[in-house]
Number of protein chains: 2
Amino acid sequence: MNKATIYNVAYAANVSLATVSRTLNNPQKVKPETRDRVLRVIKDLGYKPNAFAKGLASKKSTTVAVIVPDMSRASVAEMVNGIAVEARKYSYSLLLYVLKDEKVEELEMMKEIVASQVDGMLYLNDEINEGQYAMLNTIQEEYKVPIVLANTLYPYDNKLVTVCIDYYKAAYEVTNRLINEGRKHIYLLTTSRKYMVNDLKEEGYLKAIKEAHMSPNVIRTSGDISVNTIHFNELFKDGETPIDGVIAVRDSIAVSFINTMIEKGKSIPNDISVFGFQNTKYASLSRPKLSCVDIPINDIGAKAMALLKHEIDGEVNEVKFNVLPHSIITRQTSK
Amino acid sequence: MNKATIYNVAYAANVSLATVSRTLNNPQKVKPETRDRVLRVIKDLGYKPNAFAKGLASKKSTTVAVIVPDMSRASVAEMVNGIAVEARKYSYSLLLYVLKDEKVEELEMMKEIVASQVDGMLYLNDEINEGQYAMLNTIQEEYKVPIVLANTLYPYDNKLVTVCIDYYKAAYEVTNRLINEGRKHIYLLTTSRKYMVNDLKEEGYLKAIKEAHMSPNVIRTSGDISVNTIHFNELFKDGETPIDGVIAVRDSIAVSFINTMIEKGKSIPNDISVFGFQNTKYASLSRPKLSCVDIPINDIGAKAMALLKHEIDGEVNEVKFNVLPHSIITRQTSK
DNA sequence: CTGTTAGCGCCTTCAA
DNA sequence: TTGAAGGCGCTAACAG
């Protein structure tokens with residue numbers, strides 16, 4: 001039975017409930033002997049403080065909300081892993097909210113989350129527009145609950161603490177890799193749905209292309225494999241379209257493209273050099289193995305959680321934009 | 001500000017706080033007129049009940065714990081999606097616990113979870129041994145908190161409600177597919193680490209093999225791509241080992257195997273017919289596309305959540321073992 | 001160093 | 001149909 005309350009412990013240890021509370025929350029304020037005695041009783045009775053009572057009295061929950069668009073995206077899941085490990089360090093619990101298939105207004109949902117008394121929020125979402133950003137900021141100001149954005153960003157403002165990598169730079173670099181390989185017809189495969197991070201990748205790509213006096217080729221397609229496969233098949237139907245370099249905004253899109261082209265008789269990377277973005281398991285499982293930009297997605301999650309903890313503790317993070325280092329991994333789809 | 005409490009609402013609506021509480025929890029016990037008035041005030045003030053106070057007073061949290069081994073496994077993430085969508089239907093929140101890299105004893109952790117006052121627990125783990133099963137059962141009995149196992153099972157007892165598919169049967173069926181294709185040297189690629197579900201797959205495989213008077217070939221390898229690739233390379237080094245059929249307990253292992261063999265010059269499915277297990281994105285992204293057993297992983301999550309809700313509501317689920325239907329998907333790696 | 005005493009915000013009888 | 005009152009289990013001053 002979990003019936004053991006602080007009163008039972010107090011009684012059995014022959015102290016007041018205040019002392020029990022202290023040995024748990026401010027041990028240094030309790031005489032070692034009594035502390036040990038109380039601790040023994042706590043163990044004997046298997047006492048665990050009731051989280052509700054504790055939260056109600058202290059106005060703190062040691063719980064943070066993790067808001068994700070869709071758990072089944074590899075990058076999201078991996079980030080959650082990072083968050084979980086870091087959260088454990090501070091004994092924080094995670095309240096998970098999956099936006100997928102959600103019809104409730106996001107603002108309403110955020111308010112609900114606030115009412116659940118979380119100490120802070122982690123917002124993991126590739127896309128964030130002006131309205132959402134403003135909404136999140138309002139929530140943060142109004143309810144005094146710190147919010148940290150992980151692997152997403154809104155480049156036009158910097159009120160919310162953000163952790164991500166420099167997508168613009170990464171795309172710029174990887175495009176230059178292809179240019180330096182001697183590729184002349186470099187394509188960017190991006191999503192038709194708008195994502196801020198993908199827009200940044202596009203800008204980086206365009207910059208490198210422009211600097212090389214080449215002409216840009218941006219293809220917007222679906223993240224759904226079956227859909228984009230059809231799309232690629234149509235676009236490169238004749239096999240005559242000049243194309244010798246590709247950067248995809250996601251590994252899965254890159255792999256899907258590779259499969260399509262190889263089936264059309266192209267050789268990778270001889271005919272076409274391909275780079276993905278993220279370094280997911282898809283990259284290692286493709287044949288040939290995918291070269292890609294490696295994003296420290298686990299670390300992004302951990303860092304975001306660490307910064308949130310910082311804010312919760314009342315220490316302001318002066319630096320709002322936290323950029324983690326990326327790297328480019330050369331495997332078998334590039335030279 | 002989220003300062004609006006039930007008192008503010010009561011005052012503004014000119015009723016007692018009891019009435020406010022009722023219009024929220026037992027609307028039918030309140031006269032329509034007052035109810036509407038209260039509701040309007042609630043909306044005006046943006047009042048949301050404090051979850052702690054509510055939980056403390058009612059001893060219910062409308063929160064369930066979701067315990068996962070590792071978020072980055074595609075099947076786990078997908079199941080969580082299913083759980084989340086179903087949970088929303090009942091307005092339940094999810095408290096997420098990731099066991100990965102956890103050094104705390106599991107029993108201690110479970111007790112902590114209980115102390116967090118969840119109404120129930122969802123345990124998603126491929127592996128569960130006798131000790132764990134007994135532990136979970138103890139927790140359930142001792143603390144009266146219902147537990148449901150999702151996509152895992154302990155076949156020697158049936159005290160805990162369980163949702164999964166019939167792995168034994170699925171493996172049996174898929175092995176027979178290969179036998180009917182005329183394959184003579186059929187291998188099972190399974191994990192070296194012990195998983196109950198994989199043991200069942202192995203049994204199903206062995207049964208079919210025995211019935212066909214063939215000799216079994218079970219290879220135990222790592223789930224890690226780089227490791228099992230090396231392993232496969234060694235095992236089939238000469239390319240002479242007779243092998244013309246393969247069943248892998250995970251899609252990723254199947255894809256890794258396919259890549260290795262194709263690089264050795266084998267033709268899939270002409271030389272070797274391959275089946276995976278799960279139907280993850282890996283299956284669609286492999287070349288050729290992987291044939292596999294489709295497991296309704298999303299549904300398993302949803303069903304588990306639904307059953308848990310049932311138990312929380314005090315209704316006993318008479319059927320402890322809930323088997324969801326699987327199917328076999330023929331793509332390009334089999335005939 | 002320890003005990004006493006108010007609450008925290010809400011639910012739930014019990015009366016009215 | 002509504003209100004009054006007593007907790008739920010714990011924290012945090014304030015005394016002692």
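Each chain gets a letter, A, B and so on, in the order its sequence line appears, and its residues count up from 1. Bear in mind the structure is a predicted one, so any value in this text is a computation, not a measurement.
- Between B:Met121 and B:Tyr97, the closest side-chain pair of non-hydrogen atoms is not below 4.5 Å.
- Across all strands shown, A:Val20 has no heavy atoms under 4.0 Å from either base or sugar-phosphate atoms.
- For the pair B:Gln117 and A:Asn50, the minimum side-chain heavy-atom distance is below 4.5 Å.
- The CG atom of B:Asn14 sits 8 Å away from the P atom of D:dG3 (whole-angstrom rounding).
- The rotation axes computed at either terminus of the helix from C:dC1-D:dG16 to C:dA16-D:dT1 lie 30° apart, taking five pairs at each end and rounding to 10 degrees.
- Under the side chain to side chain contact (heavy atoms under 4.5 Å, CB included) test applied with A:Met305, the options A:Val64, A:Val66, A:Val85, A:Val148 reduce to a single match, A:Val64.
- Checking D:dA12, D:dC10, D:dT11 against the side-chain heavy atoms of A:Asn50 singles out D:dC10 as nearest.
- Per the geometry, CG belonging to A:Asn26 stands 13 Å off C1' belonging to D:dC10, to the nearest Å.
- Among A:Val161, A:Thr162, A:Asn317, the one residue that satisfies the side chain to side chain contact (heavy atoms under 4.5 Å, CB included) test with A:Asn322 is A:Val161.
- Atom pair A:Lys54:NZ and D:dT11:C1' shows a separation of 10 Å (rounding to whole Å applied).
- Among the atoms of the strands shown, only primed sugar atoms or phosphate atoms (P, OP1, OP2) are found under 4.0 Å from some heavy atom of B:Thr19.
- The environment of NZ in A:Lys60 is sparse: at most 12 heavy-atom neighbours from other residues, nucleotides or ligands sit within 6.0 Å.
- Atom CG of B:Leu56 is separated from atom C1' of D:dG6 by 13 Å (rounded to the nearest Å).
- In B:Lys309, the NZ atom is crowded: over 12 heavy atoms of neighbouring residues, nucleotides or ligands sit closer than 6.0 Å.
- Distances shorter than 4.0 Å separate none of the side-chain N or O atoms of B:Ser16 from OP1 or OP2 on D:dT2.
- Scanning DNA chain C 5' to 3' for nucleotides with an atom closer than 4.0 angstrom to a non-hydrogen atom of chain B gives a first and last hit of C:dG9 to C:dT13.
- The interatomic distance linking B:Leu17 (CG) with D:dT2 (C1') rounds to 12 Å, in whole Å.
- Here D:dA12 presents its C1' atom at 15 Å from CG of A:Leu24, a figure rounded to the nearest Å.
- No side-chain heavy atom of B:Asn8 sits less than 4.5 Å from a side-chain heavy atom of B:Tyr47.
- The residue among B:Lys29 and A:Asn25 whose nearest nucleotide of DNA chain D is located toward the 5' end is B:Lys29.
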Derivation and outcome, side-chain contact (heavy atoms from CB on, under 4.5 Å), residues B:Leu136 and B:Leu149 = CA-CA 10 Å; B:Leu136 290 174; B:Leu149 304 182; 3.9 Å; yes

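- Comparing A:Arg37 and B:Ile6 by the nucleotide of DNA chain C that holds the closest heavy atom to each, the one mapping nearer the 5' end is A:Arg37.
- The phosphate of D:dT2 has OP1 or OP2 within less than 4.0 Å of a side-chain N or O from B:Thr34.
- Counting heavy-atom neighbours within 6.0 Å of B:Glu130 CD, excluding the residue itself, gives a total of 12 or less.
- The side chain of A:Lys59 places no N or O atom within less than 4.0 Å of a non-bridging phosphate oxygen (OP1 or OP2) of D:dA12.
- Closest approach to the B:Lys31 side chain among D:dG9, D:dT1, D:dG3 is made by D:dT1 (side chain taken as heavy atoms from C-beta onward).
- The number of heavy atoms from other shown groups lying within 6.0 Å of CD (A:Glu315) is above 12.
- Among the protein residues, B:Phe52 comes within range of no part of the nucleic acid, since none of its heavy atoms lies under 4.0 Å from any strand.
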